[in-house]
Colleague: 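Got a structure here, written out as structure tokens. Questions coming.
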Amino acid sequence: MTRIAVRPYSLQSFRHLHDAGIHPVLARIFAARGISEPAELSTGLSGMIPPKQLLNIGKAAVFLADAIAGGRKMTVIADYDCDGATACAVALRGLKLMGARVDFMVPNRFDNGYGLTPAIVDEAKKNHGTEVLVTVDNGIASLEGIGRAVALGMEVLVTDHHLPGDELPKNCIVVNPNQPGCPFPSKHLAGVGVMFYVLLALRAEMRLRHVFDESTQPRLDHLLDLVALGTFADVVRLDANNRILVAQGLRRIRSGIMQPGVAALFMVSGRDCRKASPFDLGFALGPRLNAAGRLSDMALGIECLLTDDASRALQMAEELNRINTERREIEADMRLEAREKIARFQPENRATICVLSEDWHQGIIGILASRIKEKYFRPTMAFAAGKDGRLRGSGRSIPEFHMRDALDLIAKRHPGLIVQFGGHAMAAGLTLKADGFEVFSEAFEAVAKDWLTQTQLERLVETDGSLDDDYFSLDFIHLLDAQVWGHGFPPPLFCDEFTVLNQRILKDRHLKLQLEKNGRHFDAIQFGSTTMLPRCARLAYRLDANEYNGRTSVQLLVEHAEDPK
């Protein structure tokens, strides 16, 4: 069941924002997202949380500065998603600007598994001559790998943002806003954000050592396009600090200041970088980078972000685009098979969904889980068989159900069932023993039934209420588009009653509508729906500037429709 609701907001906050000169509708929208002070909306770099508030960041800066001064060989160990790729590129570019001898390795999803494993450590030592390992977007759970590195005489700096397990890594430096005792106010930094902060601290340390001064120090702000891309694509919460990072990156992209690889990804995805939006980062560039890690080798994506040769960047971006097309085709087949599996039971009578096919592509089960979760609004786990015979699972969750905590509880209740796991509240990954699917499915269901009420299993379409007729305009759309919206700071969604004047199915997939409200007519479209609407309908919708035949007009993007009675 899905129902429309209106977000509550503080009248005091609204008045305070409005009195400060903020547009009345925006003031209401911001207040509904917990904003009470105009300063919280600032996107200037001066508003960033100071690096010194990250636990161990001073130690990390000294450690890296000493390694650079000693000419020690560093290797960055990346993750195989967009956050990991951008974090790796930020690390490589930033450390080289500081004078480091550094290269990178990225585990192959299918051969190596996730994170700093002992095998990766051995390869770093043997083939790279590594003396210092720096993890990005991973490492907090790599206890065995770190132990192996120390035994081989290497030193390790872990930069990560994932939630730690019961045991923290030993004999290394850890920078992670989510580790116990870290006072950093924003717990939502992506892996790329953590690495960017480490570079800021390193640069400050090198100024203290008189390696640089204010005029000669490297320009780290030139890395913000990568920080913005990795932050938004990783779907971390866009708190005030992350909004600054994303806004600053977008500002540079729009002005043409970006890595050649980022420019090439805009080109192959058919997006105009001069009008870059968060949507472009999350739904055009991000998937093309992620596709490399899902189907092939993320080294291709990282190399695309590292090269300064525009023609080579374009060549690699075109290959990433081809891989992403292949990914979409595989995903479509998997979704069809999953739909058939789910049809055999009644998902509405369950609190969770678990699906398995040994033939599914291990690199795409995360996307599949996300699609199923969106359709059925249930915590979802999708599994495929790994090369070692064990089951690889990827999960996506709904609000009020902490995915990683659920896996932790299941691991404690069923020792030996889960080989390893990790992740966040809304997404997690795990490995099961080969015959563990049925036991896990029931255990997962039991936890959800304990934790979730029936109301929490109903999809709530939260809106910002009605929109006055005066604001169905391109000027108001441009005002909305100037903000950074995303996870945790959702774009405005309005709700009103409309008369449906005309409706037709478009391309067998979408509902094209002509609507009327207070004597004004509006074009609208509901993507992915072919269900005809009643004559009078209550709609949850977004405003969109639709460009067609050289003309731009207001269009409504309908997200949900219901009978107003």
Colleague: Please indicate whether R542 has more than 12 foreign heavy atoms, meaning atoms of other residues, nucleotides or ligands, lying under 6.0 Å from its CZ.
Modeller: yes

Colleague: We want to know whether D225 and Q259 form a side-chain donor-acceptor pair, criterion being a heavy-atom distance below 3.5 angstrom.
Modeller: yes

Colleague: On the ring face of F489, is R237 found with NZ or CZ under 6.0 Å from the centre and within 45° of the axis?
Modeller: no

Colleague: Can a side-chain donor-acceptor contact be found between D544 and Q555 if the only test is distance below 3.5 angstrom?
Modeller: yes

Colleague: Please assess R328 against E331 for the test salt bridge (Lys or Arg N to Asp or Glu O under 4.0 Å), listing each intermediate value before the final yes or no.
Modeller: CA-CA 5 Å; R328 285 199 297 261; E331 180 195 336; over 6 Å; no

Colleague: For S186 and D239, does a side-chain donor sit closer than 3.5 Å to a side-chain acceptor?
Modeller: yes

Colleague: If you draw a 6.0 Å radius around CD in E462, do more than 12 non-hydrogen atoms from other residues or ligands fall strictly inside?
Modeller: yes

Colleague: Will you find, in the side chains of T117 and R148, an N or O donor that is under 3.5 Å from an N or O acceptor?
Modeller: no

Colleague: For H162 and N176, which I'm curious about, is there any donor-acceptor pair between the side chains at under 3.5 Å?
Modeller: no

Colleague: Do Y197 and N241 get their side chains close enough for a donor-acceptor pair, meaning under 3.5 Å?
Modeller: yes

Colleague: Quick one about R396 and S394 (side-chain donor to acceptor, distance below 3.5 Å, no hydrogens or angles considered), yes or no?
Modeller: yes

Colleague: If we ignore hydrogens and angles and just use 3.5 Å, is the side chain of S529 paired with the main-chain N or O of Q526 as donor and acceptor?
Modeller: no

Colleague: Nearest 0.5 Å please: distance from the CD1 atom of I140 over to the CG atom of N178.
Modeller: 9.0 Å

Colleague: Can you spot which of L133, V102, T75 makes a side chain to side chain contact (heavy atoms under 4.5 Å, CB included) with H128?
Modeller: T75

Colleague: Mark yes when over 12 heavy atoms from residues, nucleotides or ligands other than E358 sit less than 6.0 Å from its CD; otherwise mark no.
Modeller: no

Colleague: Would you tabulate the side-chain donor-acceptor contacts of residues 419-432 under 3.5 Å, counting partners in other chains and residues two or more places apart, or write 'none'?
Modeller:
none

Colleague: Are there more than 12 heavy atoms of other residues, nucleotides or ligands under 6.0 Å from atom CD of E337?
Modeller: yes

Colleague: Under 6.0 Å between ring centres, would you say that holds for Y541 and F522?
Modeller: no

Colleague: Looking only at the aromatic ring of each residue, does the gap between the centers of F279 and F232 stay below 6.0 angstrom?
Modeller: no

Colleague: Once salt bridge (Lys or Arg N to Asp or Glu O under 4.0 Å) is applied, do any residues pair with K73, and if so which ones, sequence neighbours excluded?
Modeller: D103

Colleague: Filter on salt bridge (charged side-chain N to carboxylate O under 4.0 Å, His left out), then keep only pairs touching residues 296-312, sequence neighbours left out; what's left?
Modeller: R93-D308

